[in-house]
Amino acid sequence: MFRPLCFVFLVLFSVVLYFVVSLMDPGYVLSDCDEKFHLLVTNKESDGMIVENPNLVSLRRCGYCLLKQPMRARHCKSCQHCVRRFDHHCPWIENCVGEKNHPLFILYLCVQLLVLLWAFHLGWSGFLSEATWKEWLKVNVFLLAAFVLTCIFTLVVSLLLVSHLYLISCNTTTWEFMSHHRIAYLKHCDSDTNPFDKGIIRNLWSFFCTFGTVAWERMYYRESYATV
């Protein structure tokens with residue numbers, strides 16, 4: 001009785017996480033007023049530095065919503081908003097994955113993977129043995145179809161989770177990884193250089209244990225001046 005209840009709890013928890021991640025604000029940039037803090041931080045970091053650094057990048061104004069984008073933000077045409085620390089727009093949840101909902105998205109993938117692995121085990125143990133292949137297929141055809149679908153979804157979720165954990169450990173996003181050469185604040189860097197990387201442990205800690213808006217400009221400009 002305990003195991004079925006645990007499985008049902010995981011399924012319900014997965015459904016709740018799905019709706020939370022899909023309905024919550026991923027980190028929309030709503031006004032230029034939101035960026036005053038970032039500009040203040042950037043100016044304080046630059047005060048007293050007489051070395052001119054060619055790597056410094058000014059904040060750009062979005063051509064769609066006409067707001068100043070903080071560093072690592074990108075405009076999503078599907079959501080019609082600029083999203084902080086934009087990772088990607090996920091058609092699965094019909095929402096962007098950004099600074100506010102990315103950790104919950106990872107938790108959702110973990111719970112979803114647990115449910116799928118459990119379903120894989122249930123499906124494998126549910127096959128009935130028969131004397132011939134034809135009889136076996138006739139008896140297990142629906143379970144076999146469900147088992148194949150479970151295998152496919154398990155593979156997809158596993159690859160997605162592993163790829164996201166790798167990018168998080170490097171403190172980079174899917175968008176930055178795919179478009180490194182086109183992003184203004186990254187295109188001057190080598191392909192294996194990331195100004196936001198603080199090491200695997202600190203990257204994971206800051207991702208899962210940091211709440212609220214992060215001033216990425218401060219970290220970026222500090223690294224830029226350090227390389228002069």
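Start at 1 with the first residue, then count along the sequence. Note that the coordinates shown come from a computational prediction; the quantities given were computed from them, not determined experimentally.
- Here the side chain of Ser14 pairs no donor or acceptor atom with the backbone of Leu10 at under 3.5 angstrom.
- Clustering ILVMFWY residues whenever any of their side-chain heavy atoms sit less than 4.5 angstrom apart, transitively, puts Ile201 in a cluster other than the one holding Ile106.
- Of the possible donor and acceptor atoms, none in the side chain of Asn101 sits under 3.5 Å from a partner among the backbone N and O of Met24.
- The closest side-chain heavy-atom distance from Gln112 to Phe153 is not below 4.5 Å.
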- Evaluation steps, ring pair (Phe, Tyr, Trp, His ring centres under 6.0 Å), between Tyr64 and His81: CA-CA 8 Å; Tyr64 295 95; His81 282 287; over 10 Å; no

Open item on the list: side-chain contact (heavy atoms from CB on, under 4.5 Å), that's the test. Do His180 and Lys187 meet it? Break it down for me.
Closed with: CA-CA 6 Å; His180 188 281; Lys187 62 184 180 181; 5.9 Å; no

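- Within a 6.0 Å radius of CG in Leu144, more than 12 heavy atoms belonging to other residues, nucleotides or ligands are found.
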Before you tell me yes or no, could you show the steps for Lys198 and Trp205 under side-chain contact (heavy atoms from CB on, under 4.5 Å), namely the whole-Å CA-CA distance, both residues' side-chain angles and the distance that decides it to 0.1 Å?
CA-CA 10 Å; Lys198 299 182 291 184; Trp205 175 266; over 6 Å; no

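- Val97 is listed as a side-chain neighbour of Ile93, based on a closest heavy-atom distance under 4.5 Å.
- Looking at heavy atoms from C-beta onward, Leu186 lies in side-chain contact with Glu176 at the 4.5 angstrom threshold.
- Sparse packing is recorded around CZ of Phe177, with 12 or fewer heavy atoms of other residues, nucleotides or ligands lying under 6.0 Å away.
- Connection of Leu104 to Val16 is established within a shared hydrophobic cluster, with ILVMFWY side chains joined at heavy-atom distances below 4.5 Å, either directly or through further cluster members.
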Inset, instruction - Report the C-alpha distance between Glu99 and Val214 in whole Å, list the side-chain angles of each, state the deciding distance to 0.1 Å, and finish with yes or no for side-chain contact (heavy atoms from CB on, under 4.5 Å). - result: CA-CA 9 Å; Glu99 189 169 69; Val214 178; 3.7 Å; yes

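- Hydrophobic clustering of Ile, Leu, Val, Met, Phe, Trp and Tyr side chains at less than 4.5 Å, counting indirect connections, keeps Leu30 apart from Leu23.
- Put simply, CD1 on Ile200 and SG on Cys170 are 7.0 Å apart, with the number rounded to the nearest 0.5 Å.
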### Task
Could you walk me through whether Asn95 and Cys90 pass side-chain contact (heavy atoms from CB on, under 4.5 Å), step by step?
CA-CA 6 Å; Asn95 194 11; Cys90 181; over 6 Å; no

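- In this structure, His88 has its ring center closer than 6.0 angstrom to the ring center of Phe105.
- With hydrogens and angles disregarded, a donor-acceptor distance shorter than 3.5 Å links the side chain of Glu217 to the backbone of Met71.
- Rounded to the nearest 0.5 Å, atoms SG (Cys6) and CZ (Phe13) are 13.5 Å apart.
- At least one test fails for Arg84 against the ring of Tyr28: distance under 6.0 Å to the centre or angle within 45° of the axis.
- You'll find the side chain of Leu67 stays beyond 4.5 Å of the side chain of Cys82, heavy atoms only.
- Note on Leu122 and Val148: separate hydrophobic clusters, where clusters join Ile, Leu, Val, Met, Phe, Trp and Tyr whose side-chain heavy atoms are under 4.5 Å apart, directly or indirectly.
- Side-chain atoms of Asp25 never come within 3.5 Å of backbone atoms of Lys100 as a donor-acceptor pair (strictly under, hydrogens ignored).
- Listed for the Tyr18 side chain is a donor-acceptor partner under 3.5 Å among the backbone atoms of Trp92.
- Contact annotation: the side chain of Cys189 approaches that of Pro195 to within less than 4.5 Å [non-hydrogen atoms, C-beta and beyond].
- Two residues are said to be in side-chain contact when any heavy atoms from C-beta on lie closer than 4.5 Å; Cys62 and His75 meet this criterion.
- Side-chain contact between Asn203 and Phe208 is absent, with no heavy atoms from C-beta onward closer than 4.5 Å.
- Remark: side-chain polar atoms of Trp118 are not paired, donor with acceptor, to backbone N or O of Phe7 under 3.5 angstrom.
- The two residues Asp197 and Ser169 come nearest to each other via the heavy atoms OD1-O, 4.3 Å.
- For Thr172 against Arg72, the heavy-atom pair with the smallest separation is CA-NH2, 3.5 Å.
- Using a 4.5 Å heavy-atom cutoff, the side chains of Cys65 and Gln80 are not in contact.
- Both Tyr108 and Val111 belong to a common hydrophobic cluster when Ile, Leu, Val, Met, Phe, Trp and Tyr are linked at side-chain heavy-atom distances under 4.5 angstrom.
- Here CG of Leu107 is found 5.0 Å from CG of Leu17. Values are rounded to the nearest 0.5 Å.
- When all heavy atoms are compared, the tightest approach of Ser129 to Trp136 is CA-CD1, 4.2 Å.
- The backbone N or O of Leu66 sits less than 3.5 Å from a side-chain atom of Arg61, completing a donor-acceptor pair.
- The OG1 atom of Thr173 sits 10.5 Å away from the CD1 atom of Ile168 when rounded to the nearest 0.5 Å.
- For Tyr185 and Trp216, the distance between ring centers is not under 6.0 angstrom.
- Atom-to-atom distance recorded for Phe207:CZ and Leu165:CG is 8.5 Å, nearest 0.5 angstrom.
- Considering CD of Glu135 and CG of Leu137, their distance stands at 10.5 Å, rounded to 0.5 Å.
- Within the 3.5 Å criterion, the main-chain N or O of Thr174 finds a donor-acceptor partner in the side chain of Asp87.
- In terms of heavy atoms, Phe86 sits closest to Cys96 at CE1-SG, 3.7 Å.
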